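These numbers come from a predicted model, not from an experiment. Counting convention: from 1, in listed order, for ligands and their atoms alike. All values below come from the heavy atoms of this structure, side chains included, with hydrogens, waters and symmetry mates left out.
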Amino acid sequence: MRDILLKTHIPNSYTLAKEAYAAYGVNTEVALQRLATKPISLHCWQGDDVTGTENTGRSLSGGIQATGSYPGKSRTIDELRADIEKVLSLVPGQHRLNLHACYADLGGSKVDRNTYSVTEFQSWIDWAKKNKLGLDFNPSYFSHPLASDGLTLTHPDSGIRQFWIEHGIACRRISYEMGRQLGGTSVMNMWIPDGFKDLPADRKSPRLRLEKSLDALFTETLDSRHHLDAVESKLFGIGSESYVAGSHEFYLGYATSRQKLYCLDAGHFHPTEQIADKISSVLQFVPGLLLHVSRGVRWDSDHVVLFDDPTRAIMEELVRGDFLDRTFIGLDFFDASINRIAAWVIGTRNALKCLLFALLEPSEQLRTAENAGDFTTRLALLEEVKTLPFGAVWDEYCSRQNVPVGSAWIAEVKAYEKTVLASRK
Ligand code: RNT
Ligand code: ZN
């Protein structure tokens, strides 16, 4: 059955699909080639509900939450790495791993976050090299005693602020080393949870402190071929419903004035607000963009990414604006209510599908119609392409990249669950 699929059905369907797209002036081969050159940065934190590997027994803080208790979550660095390798074998293309500082390999030593160095991450770099993976990085401003007030870089206590500034400085050096050793660029994303549950009396001072802390943390010049800084905004979190210091306006201003990358997380705006429309505006004023492709459901719930309208709209903007080179695509979701490997695979494959869908858009015809003021044709075309044989092109891509086609990956995840995950109690 599988053989017939691979040898006959998929190539035949693809030939027909190629012709169907060609009728709209779209070359599917070009789209597949472009798709293969764009890596997605897989977030390491889907595998263990953002627990981390520092083994301190601390629980997740910072106003984010993974809900669910599906069995089989990884408990050690080795388990997490094995899970990621499994995920990568089920996702087409060459990708990257986005690591958080709380996944340090401490090997029993008592180093705290403000003095982390590449030593605590060398085993990740070696593993990444072996698996031909690029790495991206994040300082961790949560799940730590000095973050227990919900304040870090904005804390009124200068000692606590200083600790977190040092953490940022240390992480930039680690990120730079990751980029250098792996022969690429590591994007380091700054996200802090700082905010207030209830109405603040002073919205200004924490933001002034945040600006100062960030400037102190970013002082060192690092070679941009190996390291780039990004800043991530947020509207609210659990326990910071009324005020978040690092809001959209704050970071847009900061990134623009300091020429940093701006990170747009799909779940960090008003529940009905979508980030696609922000991309072209933001990129007009900052050097680059980092995306946290996610899905909020009623709140910043970080649900698994779907092949849905908002995600397709994001990818369409990247393609239409020719922004792929200036945009780093990362994922940010954590679902503990389903098999975690499957969550990763579903979300990553969907992000890629959305990108492929965007690459297959009949851009010439759409632009011609728009420029001629023919909005009737524009709308008609946008609707027609939704039912072109997209699935055949996606299947062909998976087949060429030697990963399971269609739903065949589910059986592999089920087998892994039985042989590996089931023994994790
Ligand atoms: C939190 C941010 C942030 C985190 C990760 C773990 O709201 O989205 O990116 O999810 O850094
Ligand atoms: Zn995020």
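- In Asp265, the N, O or S atom that comes nearest to the Zn ion (ligand 2) is OD2.
- Residues Asp265 and Trp191 are not in side-chain contact: their nearest non-hydrogen atoms beyond the backbone lie 4.5 Å or more apart.
- Put simply, the side chain of Arg96 never gets that close to the backbone of Ser41: no donor and acceptor are under 3.5 Å apart.
- The side chain of His292, and not its backbone, has at least one atom closer than 4.0 Å to an atom of ligand 1 (non-hydrogen atoms only; side chain from C-beta on).
- Of the protein's non-hydrogen atoms, Lys234 NZ, 2.6 Å is the one closest to atom 7 (O) of ligand 1.
- Looking only at atom types and distance, the side chain of Asp105 has a donor-acceptor partner in the side chain of Ser123 under 3.5 Å away.
- Distances shorter than 4.0 angstrom occur between a heavy atom of Ile64 and an atom of ligand 1.
- Looking at Tyr254 and Asp215, their side chains do bring a donor and an acceptor atom within 3.5 Å of each other.
- In summary, the side chains of Asp83 and Trp344 do not present any donor paired with an acceptor at a separation below 3.5 Å, with no hydrogens or angles considered.
- Nearest N, O or S atom of His292 to the Zn ion (ligand 2): atom ND1.
- In summary, the atoms of ligand 1 found under 4.0 Å from a heavy atom of Phe334, numbered by their order in the structure, are 10 (O).
- Here Asp302 has no heavy atoms under 4.0 Å from ligand 1, in either its backbone or its side chain.
- There is no side-chain donor-acceptor pair under 3.5 Å between Ser294 and His292.
- For ligand 1, one of its N or O atoms has an N or O atom of Asp265 under 3.5 Å away.
- The protein heavy-atom contact nearest to atom 4 (C) of ligand 1 is Asp332 OD2, 3.6 Å.
- Checked by distance only, ligand 1 and His100 come closer than 3.5 Å through their nitrogen or oxygen atoms.
- The only member of Glu370, Glu383, Glu384 that meets salt bridge (charged side-chain N to carboxylate O under 4.0 Å, His left out) when paired with Arg378 is Glu370.
- Heavy atoms of His268 approach ligand 1 to within less than 4.0 angstrom.
- Side-chain atoms of Glu29 and Gln33 include no donor-acceptor pair closer than 3.5 Å.
- Looking at atom 9 (O) of ligand 1, its nearest protein heavy atom turns out to be Glu232 OE1, 2.8 Å.
- Summary: OE2 is the N/O/S atom of Glu232 found nearest to the Zn ion (ligand 2).
- A distance-only check finds no donor-acceptor pair linking the side chain of Ser175 to the backbone of Cys171 [under 3.5 Å].
- Side-chain contact, Asp194 with Tyr141: no donor N or O sits under 3.5 Å from an acceptor N or O.
- Checked by distance only, ligand 1 and Trp45 stay at 3.5 Å or farther apart across all their nitrogen or oxygen atoms.
- Among heteroatoms of the N, O or S kind in Asp332, OD2 lies nearest the Zn ion (ligand 2).
- The Asp300 neighbourhood of ligand 1 comprises atoms 7 (O), with distances under 4.0 Å to a heavy atom of that residue.
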